[in-house]
> 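Please find one structure pasted underneath; my questions will follow.
Each chain gets a letter, A, B and so on, in the order the sequences are listed, and its residues count up from 1. Since the structure is predicted, the reported quantities are computational estimates derived from the model, not experimental observations.
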Protein chains: 2
Amino acid sequence: MTSPTSARPPGRPRAGVNAAVFAATLSTVQEVGYARATVERIAGAAGVAKSTVYRRWPTKGALIVDCLLDAFGPAPLAGGSRAELMTSTIRWVAAKVGEPGVGDAFAGVFSDAVSDPALREILSTRLQDPYRIALQEALDEPENRVLFFIDVVVGVLLHRMGMTGEPMVERDVDALIDMILPHFTEGPSRA
Amino acid sequence: MTSPTSARPPGRPRAGVNAAVFAATLSTVQEVGYARATVERIAGAAGVAKSTVYRRWPTKGALIVDCLLDAFGPAPLAGGSRAELMTSTIRWVAAKVGEPGVGDAFAGVFSDAVSDPALREILSTRLQDPYRIALQEALDEPENRVLFFIDVVVGVLLHRMGMTGEPMVERDVDALIDMILPHFTEGPSRA
DNA sequence: TCTTTTCGCTACCTTGAGTATCGATACCTG
DNA sequence: CAGGTATCGATACTCAAGGTAGCGAAAAGA
């Protein structure tokens, strides 16, 4: 161990501005859209210098991913039947994506990741994997099935958000649940 | 009518470079990714000046949308049962998204559209609407159901493409079909 | 007081979208 | 053949935004 947890590094300690930057990121993205939510603008909204942001996050993509991690928080995988678990998970993701700025930021960073393998790695490792692993254990499904589940839920919600600019309405979230559940509970090995 | 169909406008006629530009767009996107597929690079690959590209397409997004329209072509809605129709449609979209460059370009322009309402309008009107209308008639489903269908199919395929960089494998396309079909054929009004 | 690190600020570099201009060229019409 | 018109290639340009570098100042511990 090169640096024990209790060892406080020397020098001026970092100010607690992460929360302010996250809040500023979401509100800025919501106000002006993802593309116009420049790092300089976000920093300004957070009352922080641009260089301070780049001292903490190496790229804009990394900032957004951390912001999304903060916004989503741990998955509420409260027990119950498999159906209840999946239902609550889908509703939770839908609700989060519908929160101001979250859906835009998610869709935006996802789009950037398409042509940026490094960002794709960050997105996959830091954001998707933790939830994927938790779901794998909670649902007792193999990895490829959980990945498919995530593709469906997130893909559909982001596509709706991207095409219309609005989060998916509750009625369609119901339809989504209604479509997914039978596939994962009735015939676990149909394909 | 200000300009009848038969009236050929004066001046030097346009050279037939659209096809070359479309091909160059896909190959360039495939080679270097969406973000690095600059208009200048695409024009160069097509053996055409950048100004010529901008004379035909107002923005990069409009170029990509036209390129995708050309790549997808008309939907092969050959008759049959509803189930056969939906199955073939899903396989067709999956195959197209899997073609070199198409998936990247699609995911890329989709991402750009998230924070660009004008591009979103183009994407929705020129690319989605024609297929949506054709599907509405072929499947005899209301608009919101067809939109949901498109959200599912395209959303899932693009999410997989965006997260992994690879198109969805056939086995998962089978699972997708297996999940969607019952929802649209057995219980048309469950939600 | 000295060291270390962060802070805000500003200036800068680079890339890429989109615009403007210019001479050259292709086509139609008179 | 001459004139008009719109395209073509080439080049130069503006502008926005990601990211970098260097500065003096401030906040801690030693």
Side-chain angles (χ1 to χ4, degrees), chain A residues 3-4 6-21 24-25 28-29 32-67 105 108-109 111-116 118-119 122, chain B residues 3-4 6-21 24-25 28-29 32-67 105 108-109 111-116 118-119 122:
Chain A
S3 62
S6 55
R8 201 189 146 296
R12 174 177 178 172
R14 291 193 157 178
V17 295
N18 278 28
V21 173
T25 300
T28 304
V29 166
V32 302
Y34 181 79
R36 290 191 200 172
T38 70
V39 173
E40 205 150 20
R41 211 167 186 145
I42 291 171
V48 154
K50 177 179 160 188
S51 48
T52 298
V53 172
Y54 275 106
R55 209 171 278 121
R56 293 167 188 236
W57 295 277
T59 64
K60 180 183 176 181
L63 163 63
I64 304 284
V65 170
D66 263 19
C67 179
V109 74
S111 349
D112 282 357
V114 171
S115 52
D116 182 345
L119 179 55
I122 293 176
Chain B
S3 62
S6 55
R8 204 190 143 296
R12 173 178 180 171
R14 292 192 156 179
V17 296
N18 279 28
V21 174
T25 300
T28 304
V29 166
V32 303
Y34 181 79
R36 290 190 200 172
T38 69
V39 174
E40 205 150 21
R41 211 167 185 145
I42 292 171
V48 154
K50 177 181 161 188
S51 48
T52 298
V53 173
Y54 274 106
R55 207 170 282 119
R56 292 167 187 237
W57 295 278
T59 63
K60 180 183 176 181
L63 164 63
I64 304 285
V65 170
D66 263 20
C67 180
V109 74
S111 346
D112 282 358
V114 171
S115 51
D116 184 344
L119 178 55
I122 293 175

> If I take atom CG in residue A:D112 and atom C1' in nucleotide C:dG16, what distance separates them, rounded to the nearest angstrom?
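That distance rounds to 14 Å.
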> With distance as the sole criterion, do the side chain of A:K50 and the base of C:dG8 form a donor-acceptor contact below 3.5 Å?
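Side chain to base: no pair present.
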> Rounded to the nearest Å, what distance is computed from the CG atom of residue B:N18 to the C1' atom of nucleotide D:dC8?
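So the two atoms are 14 Å apart, to the nearest Å.
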> Among C:dG8, D:dC8, D:dG9, which is the nearest nucleotide to the side chain of B:V48?
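Selected nucleotide (nearest to the side chain): D:dG9.
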> For A:K60 and D:dA16, give me the distance from atom NZ to atom P, rounded to whole Å.
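Going from A:K60 (NZ) to D:dA16 (P), I get 15 Å.
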> Once you round it to whole Å, what is the distance between P of D:dG19 and CG of A:L119?
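Taking CG of A:L119 and P of D:dG19, I get 10 Å after rounding.
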> Once you round it to whole Å, what is the distance between P of C:dG18 and CZ of B:R55?
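Computing the B:R55:CZ to C:dG18:P distance gives 16 Å.
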> Reckon B:G44 touches a base, only the sugar-phosphate, or nothing at all at heavy-atom distances under 4.0 Å?
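The answer is nothing, as B:G44 stays clear of every strand by at least 4.0 Å.
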> Please give me the minimum heavy-atom distance between A:R55 and A:R14, naming the atom from each residue.
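Smallest interatomic distance, heavy atoms only, reads O-NH2, 3.2 Å.
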> If you check every side-chain atom of A:R56, which of C:dG18, D:dC8, C:dC7 has the closest atom?
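When the side chain of A:R56 is considered, C:dC7 is the closest of C:dG18, D:dC8, C:dC7.
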> Do the non-hydrogen side-chain atoms of B:V17 and B:R56 ever get within less than 4.5 Å of each other?
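B:V17 reaches B:R56 side chain to side chain.
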> Using whole Å, what does the distance between atom C1' of nucleotide C:dG18 and atom CD1 of B:I64 come to?
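Between C1' of C:dG18 and CD1 of B:I64: 15 Å.
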> I'd like to know if B:S51 reaches the base of C:dA20 with its side chain such that a donor and an acceptor end up less than 3.5 angstrom apart.
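Side chain to base: no pair present.
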> Starting at CZ of A:R41 and ending at P of D:dA17, how long is that distance when rounded to a whole Å?
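For the pair A:R41 CZ and D:dA17 P, the rounded distance is 7 Å.
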> Which heavy atom of A:A45 sits nearest a heavy atom of A:T28, and at what distance?
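Shortest heavy-atom separation between A:A45 and A:T28 comes out as CB-OG1, 3.7 Å.
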> Can you give me every donor-acceptor pair (side chain of residues 33-41 of chain B, partner residue at least two apart or in another chain, under 3.5 Å) with its distance?
from, atom 1, to, atom 2, distance (Å)
B:Y34, OH, B:D112, OD2, 2.9
B:T38, OG1, B:R41, N, 3.1

> Which is true for A:G47 with a 4.0 Å heavy-atom rule: it touches a base, it touches only sugar-phosphate, or it touches nothing?
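If one applies the 4.0 Å heavy-atom cut-off, A:G47 turns out to touch the sugar-phosphate alone, with no base involved.
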> Give me, pair by pair, the N or O atoms of the protein and of nucleotides 24-30 of chain D that are less than 3.5 Å apart, along with how far apart they are.
from, atom 1, to, atom 2, distance (Å)
D:dA26, N3, A:R12, NH1, 3.3

> Would you mind classifying the nucleic acid contact of A:A35 as base, sugar-phosphate or nothing, using non-hydrogen atoms under 4.0 angstrom?
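Counting heavy atoms under 4.0 Å across all strands, no contact is made by A:A35.
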> Side chains of A:I64 and A:T25: does their closest heavy-atom pair fall under 4.5 Å?
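Yes, at least one pair of side-chain atoms sits under 4.5 Å.
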> For C:dT5, take OP1 and OP2 only and decide whether either is under 4.0 Å from a side-chain N or O of A:R14.
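So the side-chain polar atoms of A:R14 never come under 4.0 Å of the phosphate oxygens OP1 or OP2 of C:dT5.
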> Without decimals, in angstroms, what is the distance between A:E40 CD and C:dG8 C1'?
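That distance rounds to 13 Å.
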> Quick check: closest heavy atoms across B:L119 and B:V109, and the distance to 0.1 Å?
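Nearest heavy atoms, B:L119 then B:V109: CD2-O, 3.8 Å.
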> Could you please name the option among C:dG16, C:dC9, D:dG18 that lies closest to any side-chain atom of A:A49?
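Output: C:dC9.
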> Looking only at heavy atoms, which two atoms of A:Y54 and A:T59 are closest? And how far apart?
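The answer is CE2-CA, 4.4 Å.
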